[in-house]
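Below is one structure, written out as C-alpha cells; the observations come after it.
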2 protein chains.
Amino acid sequence: MRRTKQKEAILEVLRGTTSHPTADWVYNEVRKDIPNISLGTVYRNLRLLCQSGEILELDPCGALSRFDARRDNHYHFRCEKCDRVFDVDLPVDGEIDRRAAQKTGFEVSSHWLEFRGVCRNCQES
Amino acid sequence: MRRTKQKEAILEVLRGTTSHPTADWVYNEVRKDIPNISLGTVYRNLRLLCQSGEILELDPCGALSRFDARRDNHYHFRCEKCDRVFDVDLPVDGEIDRRAAQKTGFEVSSHWLEFRGVCRNCQES
DNA sequence: TTAGGTGCAAAACCTTTGCCATCCC
DNA sequence: GGGATGGCAAAGGTTTTGCACCTAA
C-alpha cells in the first residue's frame with residue numbers, strides 16, 4: 001500500500017478522535033487540510049486501511065437493516081462466511097449494564113451482544 | 001395503526017422465520033401471497049411495526065458505516081439520543097464466547113458488545 | 001366519511017466504480 | 001517508467017417520499 005498525503009490525513013483524523021466517525025465526517029475533517037480531496041478517495045482509503053488492519057470498521061449488523069419478530073432481549077450470532085444471523089439463547093447479563101454505567105457515568109438501559117464466527121453449515125463446506 | 005392485509009402478511013412472514021431477514025427478503029416472501037405489493041409498502045410497514053414495538057430492527061451500528069483507529073477488541077456505548085458512540089473500557093469477557101459455542105455448536109471467535117442508553121451530555125439537556 | 005394506507009415512480013442517500021491524469025517508489 | 005492512487009462523475013443498491021387512489025374503521 002502506497003503512502004499518500006490523502007491516506008496519511010485520513011489516518012490522522014481517525015487517530016485524533018474517539019468518536020467513531022462516519023466516512024462523511026472524516027471527509028469534512030480532511031477537507032480542512034486538503035480542500036479538494038474527493039469523497040470517493042476517502043471511501044477508498046477507509047476500505048484500504050480496513051483491509052490492511054490499520055483501522056477497524058464498526059459494522060456489527062452488516063450493511064442492510066434486518067428485522068426480527070422476536071421482541072425479548074436476546075443475543076445473536078453472525079456467521080462470517082454466509083452472513084446469516086442466528087439466535088443464541090444464553091441468559092441476558094443484566095449486571096454488566098450496571099458495570100458499564102459505573103465505568104462511564106452514562107445511563108445504560110440495555111446492551112446488544114452479537115457473537116461472530118462460523119456456523120455449522122459453513123464449517124462443513 | 002390500521003390493520004391491513006399487507007401489514008398482516010408482513011408480520012406473518014416475520015413471525016414464521018428466525019432468519020432475521022432483510023426488507024427485500026420479506027418483500028419477496030410476501031409477494032407470494034400479495035403479488036402486487038410494493039417494496040415501499042414493505043419498508044413503510046416494517047418502520048411502523050418497529051415504532052409500535054411489534055417487531056425489532058437489528059440495528060446495532062446505525063445505518064452508516066463507522067470507523068475506528070483503535071484496533072484492540074473493546075466495547076462501545078451508543079447514546080440513543082445523539083447517536084454518538086463512545087468506548088467502554090470494561091475487560092472483554094472471553095468466557096462468554098465459549099458458552100455461546102457450547103450452546104450453538106458453532107465456532108465462535110469473538111463477540112461485539114454495544115451498550116445503549118443516554119450519555120451524560122444528553123442527560124443534562 | 002375520512003384519516004390513514006397502498007402502489008407506483010421518482011428522489012434521496014450512502015457507497016462503489018470507471019476513467020484518465022497524477023504521483024510515489 | 002509503471003503500477004498504484006487521486007479527482008471527478010456516473011452508476012449501484014437500499015431506503016424514503018410524493019401523489020393520487022383506495023380502504024378499514
Side-chain angles (χ1 to χ4, degrees), chain A residues 1-14 19-69 78 82-85, chain B residues 1-14 17 19-68 78 82-85:
Chain A
M1 192 169 64
R2 189 176 289 178
R3 271 166 63 119
T4 65
K5 65 173 180 181
Q6 288 88 347
K7 195 168 294 163
E8 305 269 288
I10 289 167
L11 201 47
E12 196 177 329
V13 163
L14 220 42
S19 73
H20 310 83
T22 62
D24 196 62
W25 189 92
V26 172
Y27 171 58
N28 282 301
E29 285 300 302
V30 173
R31 271 209 293 185
K32 293 173 185 171
D33 280 334
I34 310 175
N36 71 326
I37 193 173
S38 78
L39 185 55
T41 296
V42 173
Y43 274 105
R44 248 184 313 236
N45 277 311
L46 288 172
R47 198 61 47 221
L48 284 171
L49 291 166
C50 281
Q51 281 165 13
S52 76
E54 288 183 79
I55 64 171
L56 289 181
E57 183 171 5
L58 279 62
D59 180 27
C61 61
L64 305 182
S65 297
R66 290 167 176 273
F67 300 88
D68 193 351
R78 174 182 302 276
C82 66
D83 207 43
R84 272 186 292 188
V85 177
Chain B
M1 192 169 64
R2 187 178 289 178
R3 270 167 65 118
T4 64
K5 65 175 179 180
Q6 289 86 347
K7 195 169 294 163
E8 306 268 287
I10 288 167
L11 201 46
E12 196 177 329
V13 163
L14 220 41
T17 182
S19 73
H20 310 82
T22 62
D24 195 64
W25 190 91
V26 172
Y27 171 59
N28 283 301
E29 284 302 301
V30 173
R31 271 209 292 185
K32 293 173 184 170
D33 280 335
I34 310 174
N36 71 327
I37 193 173
S38 77
L39 185 55
T41 296
V42 172
Y43 273 105
R44 252 185 309 238
N45 278 312
L46 288 171
R47 200 59 51 219
L48 284 170
L49 290 166
C50 281
Q51 281 165 14
S52 76
E54 289 183 80
I55 64 171
L56 290 182
E57 184 172 5
L58 280 62
D59 182 26
C61 60
L64 305 182
S65 298
R66 288 167 176 273
F67 300 89
D68 193 352
R78 175 183 302 278
C82 66
D83 206 43
R84 272 185 292 188
V85 178

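Chain letters run A, B, ... following the sequence lines, proteins first and then strands; every chain starts at 1. These numbers come from the heavy atoms of this one structure, side chains and all, not from hydrogens, waters or symmetry mates.
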Going by the salt bridge (charged side-chain N to carboxylate O under 4.0 Å, His left out) test, which pairs reach into residues 27-37 of chain B, not counting sequence neighbours? E29(B)-K32(B)
Roughly how many Å is it from CH2 in W25(B) to P in dT14(D), rounded to a whole number? 16 Å
Please confirm whether the shortest side-chain N or O distance from Q6(A) to OP1 or OP2 of dG7(D) is below 4.0 Å. yes
Using heavy atoms and a sub-4.0 Å distance, could you list which residues of residues 31-40 of chain A are near DNA chain D? By number, please. N36(A), I37(A), S38(A)
K7(A) NZ to dC23(C) P, in whole Å, measures 16 Å
To the nearest Å, how far apart are I10(A) CD1 and dT5(D) C1'? 11 Å
Determine which pairs satisfy ring-ring contact (aromatic ring centres under 6.0 Å, His included) with at least one residue from residues 20-52 of chain B, sequence neighbours left out, and list them in order. H76(A)-H20(B)
Donor-acceptor pairs under 3.5 angstrom involving side-chain atoms of residues 4-13 of chain A: please list them, not counting sequence neighbours.
residue: T4(A); atom: OG1; partner: K7(A); partner atom: N; Å: 3.2
residue: K7(A); atom: NZ; partner: R2(A); partner atom: O; Å: 2.8
residue: E8(A); atom: OE1; partner: R3(A); partner atom: NH2; Å: 3.4

Might you list the N or O atoms of the protein lying below 3.5 Å from N or O atoms in nucleotides 10-12 of chain D, with each pair's distance?
none

Can you check side chain to side chain contact (heavy atoms under 4.5 Å, CB included) on T22(B) and V26(B), steps first, answer last? CA-CA 6 Å; T22(B) 62; V26(B) 172; over 6 Å; no
Using C1' atoms of five pairs at each end, report the bend of the helix from dT1(C)-dA25(D) to dC25(C)-dG1(D) rounded to 10 degrees. 40°
Any chance you could lay out the side chain to side chain contact (heavy atoms under 4.5 Å, CB included) test for D68(B) and L14(A), step after step, and finish with the verdict? CA-CA 7 Å; D68(B) 193 352; L14(A) 220 42; over 6 Å; no
Under 3.5 Å, N/O pairs linking protein and nucleotides 22-25 of chain D:
residue: dT23(D); atom: O2; partner: R2(B); partner atom: NH1; Å: 2.9
residue: dA24(D); atom: O3'; partner: R3(B); partner atom: O; Å: 3.4

Please output the side-chain donor-acceptor pairs of residues 45-52 of chain B that fall under 3.5 Å, not counting sequence neighbours, one pair per line with the distance.
residue: N45(B); atom: ND2; partner: T41(B); partner atom: O; Å: 3.2
residue: R47(B); atom: NH1; partner: E57(B); partner atom: OE1; Å: 2.8
residue: S52(B); atom: OG; partner: L49(B); partner atom: O; Å: 3.2
residue: S52(B); atom: OG; partner: E54(B); partner atom: OE2; Å: 3.2

Tell me, which of residues 41-49 of chain B have any heavy atom that sits under 4.0 Å from an atom in DNA chain D? Y43(B), R44(B), R47(B)
